[in-house]
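A quick write-up on the structure given underneath.
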Amino acid sequence: MNIGNRKSSITKSLLHWYKQKARPLPWRKTRNPYRILVSEVMLQQTQVSRVLQKYPEFLRLFPNFSSLAHARTADVIRAWSGMGYNNRAVRLQQVAKEIMNDNNGRLPSDIHILQKLPGIGRYTAHAVACFSFEQQTAVVDTNVRRILARLFPNRARSMDEWELAESVLPKRKAYEWNQALMELGSTFCTAAHPRCVDCPLKQYCPSAFQIRKPKKSYKRKNHRAMIPNRIYRGRIVALLRTMSRRQSIESNRLLHMIRPEARGQNQKWFSLVLTGLQRDGLIQIHSQKAKNFISLPK
DNA sequence: GATACGTGGGT
DNA sequence: TACCCAAGTAT
C-alpha cells in the first residue's frame, strides 16, 4: 500500500469511527467562541470526566464574556473548585476583560492574536480556531502527539510535530479529524495501556500490539520527600473558597490551618508562597496593624 | 529547556 | 501506601 492510499484509509476509518462512536460532549454541540474557549481552558491537563462535572455550572454562572468579565474574581475562583491549576480561572477572566475592553467583546479568530491572550498557548489557540471558527488547522496535544508517533513513527522522528499534524489533516474535515484523534487518544490509544484490539486503525498502525507496558518502578522514593509549594497553594485557595465574601484570615492563623506542623522558620517561606499567590491574582493581602489579612481577590 | 502550577481517580 | 496520570501555559 502506498503512502497516499494508507493515509486516505486512515482518514476514512477514523472519521467513520468517530461519526459512530463519538461521545456526546457538550462542547461538541456548540461553536460559540466563549463556550469553546471555556471548554478548552478547562481541558488543559484535565480529564474529560472532570470537566463534564464543572462545565455546565460554570456556564450557568458565567454564560458569556461579559458576565465573566464583570464577575468577582473570587466567585470565578470558587466556580473553578475541583478543577486544579487555579491560575487558569484568573487568566480566563483576564481574557474576558481584555476582549470586552479592546475588541468589543468578540474573541479574535486569528491564531496569532489568540495566542497573545493570557492562558492561551499554541494548542488552545489552534483549538479555538478550529472548533469555534471552523478553520482548517491542526491541533497538537498529548493525544495527537502520541497517536501520530505511533501511526507515523518515521516522520514523527524527523519532522516537526505541528508540520506532521498539518500534513495529515484531511481537506475540509479539520474539526472532525482533530476531535477524532483526541477521542481515540483518550479512550483507546492511551499512553500506558492502548486497547489495540478495538482500535479502528489497528490494520494501518505499525505500533499496534507493540506497545510495551512500562515496568512499574519499584525504586523507593524518599519517604519524606519535599512537598511542593503547589500543595500548600491549593490548600490555601481551598480554605479561602469556604469563607464568605467579606471575610479574611490573618496570615499566621492561615499558616497554622494549612501547615499545622509549621515552625518559626517557615515564616519566610510562607510569605513567599503568599506573595506568589498574590502575584498570580489568586489572593488579596490586606495589611493592618502590622498584620496581614488574606482573602480571595474581590 | 527545565520547572512550577491542582486535583481527584486509578493501580 | 505511594506513585502515576490527565485536551498545556508561562517563565
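Within the structure, every side-chain polar atom (N or O) of A:Thr46 is placed at least 4.0 Å from both OP1 and OP2 of B:dT7. Note on A:Gln44: every side-chain N or O is 4.0 Å or more away from OP1 and OP2 of C:dG8. Under 4.0 angstrom from either OP1 or OP2 of C:dA7 there lies no side-chain N or O belonging to A:Asn178. For A:Asn87 and B:dC5, the shortest distance from a side-chain N or O to OP1 or OP2 is not below 4.0 Å. Residue A:Arg233 places at least one side-chain N or O closer than 4.0 Å to OP1 or OP2 of B:dG6. Checking the phosphate oxygens (OP1, OP2) of B:dT7, a side-chain nitrogen or oxygen of A:Arg241 falls inside 4.0 Å.
Between the P atom of C:dG8 and the CD atom of A:Gln115 lies a distance of 15 Å, rounded to the nearest Å. Rounded to whole angstrom, the span from the CG atom of A:Leu43 across to the P atom of C:dT9 amounts to 12 Å. Summarising the geometry, the separation between CG on A:Asn143 and P on C:dA7 is reported as 4 Å, rounded to the nearest angstrom. Nucleotide C:dT11 holds its P atom 14 Å from the NZ atom of A:Lys116, rounded to whole Å. Regarding A:Tyr85, its OH atom lies at a distance of 13 Å from the P atom of C:dA7, rounded to whole Å.
Looking at heavy-atom distances under 4.0 Å, A:Pro118 makes contact with sugar-phosphate atoms alone, never a base. Residue contacts shown for A:Leu117 are limited to sugar-phosphate atoms, with no base heavy atom under 4.0 Å away. Residue contacts shown for A:Gly121 are limited to sugar-phosphate atoms, with no base heavy atom under 4.0 Å away. Here A:Trp80 lies out of heavy-atom contact (under 4.0 Å) with every strand. If you check every strand for non-hydrogen atoms under 4.0 Å, A:Met83 touches a base. At a threshold of 4.0 angstrom between heavy atoms, the contacts of A:Asp280 with the nucleic acid are absent.
The two residues A:Gln136 and A:Lys171 make their nearest non-hydrogen contact at OE1-C, 4.4 Å. Considering every non-hydrogen atom in both A:Ser132 and A:Arg31, the closest pair reads OG-O, 2.8 Å.
Taking the six-membered ring for Trp and the full ring otherwise, the centers of A:Trp177 and A:Tyr18 sit at least 6.0 Å from each other. Taking the six-membered ring for Trp and the full ring otherwise, A:Tyr55 and A:Trp27 have centroids separated by under 6.0 Å.
In terms of position on DNA chain C, the residue among A:Ile120 and A:Gln47 whose nearest nucleotide sits closer to the 5' end is A:Gln47. Judged by closest nucleotide on DNA chain C, A:Arg146 is the one of A:Tyr123 and A:Arg146 placed further toward the 5' end.
Other residues, nucleotides and ligands contribute at most 12 non-hydrogen atoms within 6.0 Å of the CZ atom of A:Arg106.
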